[in-house]
There are 2 protein chains.
Amino acid sequence: MRKVVERQTGVALWRQIADRIRLAISNGDYDAAGMVPPETVLAGEFGVNRHTVRSALAALADEGLVRRVQGRGTMIERKERVSYPISRRTRFSQGLGRQVKEIGTRLLGHAELKAFGEIATSLGIAPGDPVIELRTVSSGDGRPLSVSSSYYPAARFPRMAQEFEQLHSVTKAFAAHGLDDYVRVSTEIVARHADGDELSMLKLSAGAIVLETHSINADLDGKPVEYSRSCFAADRMKLKIET
Amino acid sequence: MRKVVERQTGVALWRQIADRIRLAISNGDYDAAGMVPPETVLAGEFGVNRHTVRSALAALADEGLVRRVQGRGTMIERKERVSYPISRRTRFSQGLGRQVKEIGTRLLGHAELKAFGEIATSLGIAPGDPVIELRTVSSGDGRPLSVSSSYYPAARFPRMAQEFEQLHSVTKAFAAHGLDDYVRVSTEIVARHADGDELSMLKLSAGAIVLETHSINADLDGKPVEYSRSCFAADRMKLKIET
DNA sequence: TACACTTGTCTAGATCAATAGACATTTGAG
DNA sequence: CTCAAATGTCTATTGATCTAGACAAGTGTA
């Protein structure tokens, strides 16, 4: 089967091929052998030189997705993307469940600032009203999965940063402010290339793709309590919507 | 503000910059002036040569997103991404609503084949059971937005292809088989670079990103009636999940 | 008109991406 | 052991990408 790659697109052939092989691995296309086809075969399928395939495989090996052994071939080390569920009851740590052994959310920083534009309208507050911003990075089994900036109305949740720092959980920090339950009301998703900051924070092999979500959580009366912008490493994660 | 771009990543600088400007436009960052900053300013912000910025703007002009006028500057022509809503009642044509004036879904082809792997498990049928495949491309105001392959159990919906060809609607084709209502039960989302076929069918400036969704629709008893794989042009669409 | 500012075009050189071919090294099977 | 098959390394060459600088041409304002 001939697999098409495009030239002169601003995306190097080796990166296109790396993306395709990564997808094929997570689709289980190579499960029978447990390894990626030989370089010469791949070069034939994609219609490129063997060295170009080697660059692609080097990138995948760098990500820890495959392991290359001289004389044997290229073995698949890790298959699945982590599936991040999005539902009315989305809670970050619960959703990943058994997919990763150990989950960590690290607070990068926090600030109090005035809300404008999308932040104010999403939270349903007046422009200029104070909000608490939390910037976090979350990882599973040591690999960073997402970076987020979350915003909370300062009038209602004044101690958000301190509570989160102590409790390491948004749900518990809400509870400390007397909010026992909340639901996800909307999530918007776009895909784009990662920028420099995201590359370093997510430890991505640069040029990678991120899934950016803008989400709103509200209390049971429908009043927004959190507006959040998250970037997920697209080649490690998929989003699963349950409706 | 210094905006970071990464070198030697397999993604050309002009493409990274085009992605960032496209995002800034759709975020409304340039709404005050209604135009993109001058090339020299952008070159300074991104830390690259003016010619590199010109390549990025040329790509955006090619997409019809901006219009460049010598002496004046680079005007923004089109801002918003089309927002595709995903909910329990997801219907393709209804959701786009007022965002596009004219919606078209064209049948590329259909086939009857045996279901295996993800198709069979998603539809809850035995491996080898027959399914009807419909391949379609959907566009809004003449611009292609998505390509899809959808699968239906042939035992229950034997005339799916013919009905769809006549009625131009999955919902109506279901109704013709006696199914009056159905709901979306799950949607999985990944992001990746488009392959050659997708580039030509979606008329993308090559190297672009697609959002790939795998979705399951079921009847009111919970029995799956459709399994669908869709690819959305990521720089023209966002997905909006309502929960 | 004169001028500042913007995009358009051209040339030249440096760096990166991809091709081509040759050969070494390791592994597993016979 | 021998050999086929796979990955590793090297050199050389071509084409794409990016930088650098200079100047042309169009737009709007004073």
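Note on naming: letters A, B, ... go to the chains in the order of the sequence lines (proteins, then strands), and numbering restarts at 1 for each one.
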Tell me whether the OP1 or OP2 atom of C/dC5 has a side-chain N or O from B/Thr40 closer than 4.0 Å. no
| query | Charged N to carboxylate O below 4.0 Å: is that the case for A/Glu39 and A/Arg68? | reply | yes
Here the distance between atom P of C/dT9 and atom CZ of B/Arg50, to the nearest Å, is 11 Å
Taking for A/Thr74 and for A/His51 the nucleotide of DNA chain D with the nearest heavy atom, the one nearer the 5' end belongs to A/Thr74
To the nearest 0.5 Å, atom CD1 of B/Ile17 lies from atom CZ of B/Arg54 at 13.5 Å
Practice prompt. Would you indicate, yes or no, if C/dT7 has its OP1 or OP2 atom less than 4.0 angstrom from a side-chain nitrogen or oxygen of B/Arg54?
Written response: no
Practice problem: Taking only Lys NZ, Arg NE, NH1 and NH2, and the carboxylate oxygens of Asp or Glu, determine whether A/Glu212 and A/Arg229 approach each other closer than 4.0 Å. | Solution: no
| Hey, what's the ring geometry for B/His214 with B/Tyr227, parallel, tilted or perpendicular (30° and 60° as the breaks)? | perpendicular
With five pairs defining each end axis, the helix from C/dT1-D/dA30 to C/dG30-D/dC1 comes out bent, to 10°, by 30°
To the nearest angstrom, the CZ-P distance between B/Arg68 and D/dT27 comes to 15 Å
Derivation and outcome, salt bridge (charged side-chain N to carboxylate O under 4.0 Å, His left out), residues A/Asp19 and B/Arg192 | CA-CA 7 Å; A/Asp19 284 345; B/Arg192 58 179 173 79; over 6 Å; no
Practice prompt. Would you tell me if any nitrogen or oxygen in the side chain of B/Arg72 comes within less than 4.0 Å of OP1 or OP2 on C/dC5?
Written response: no
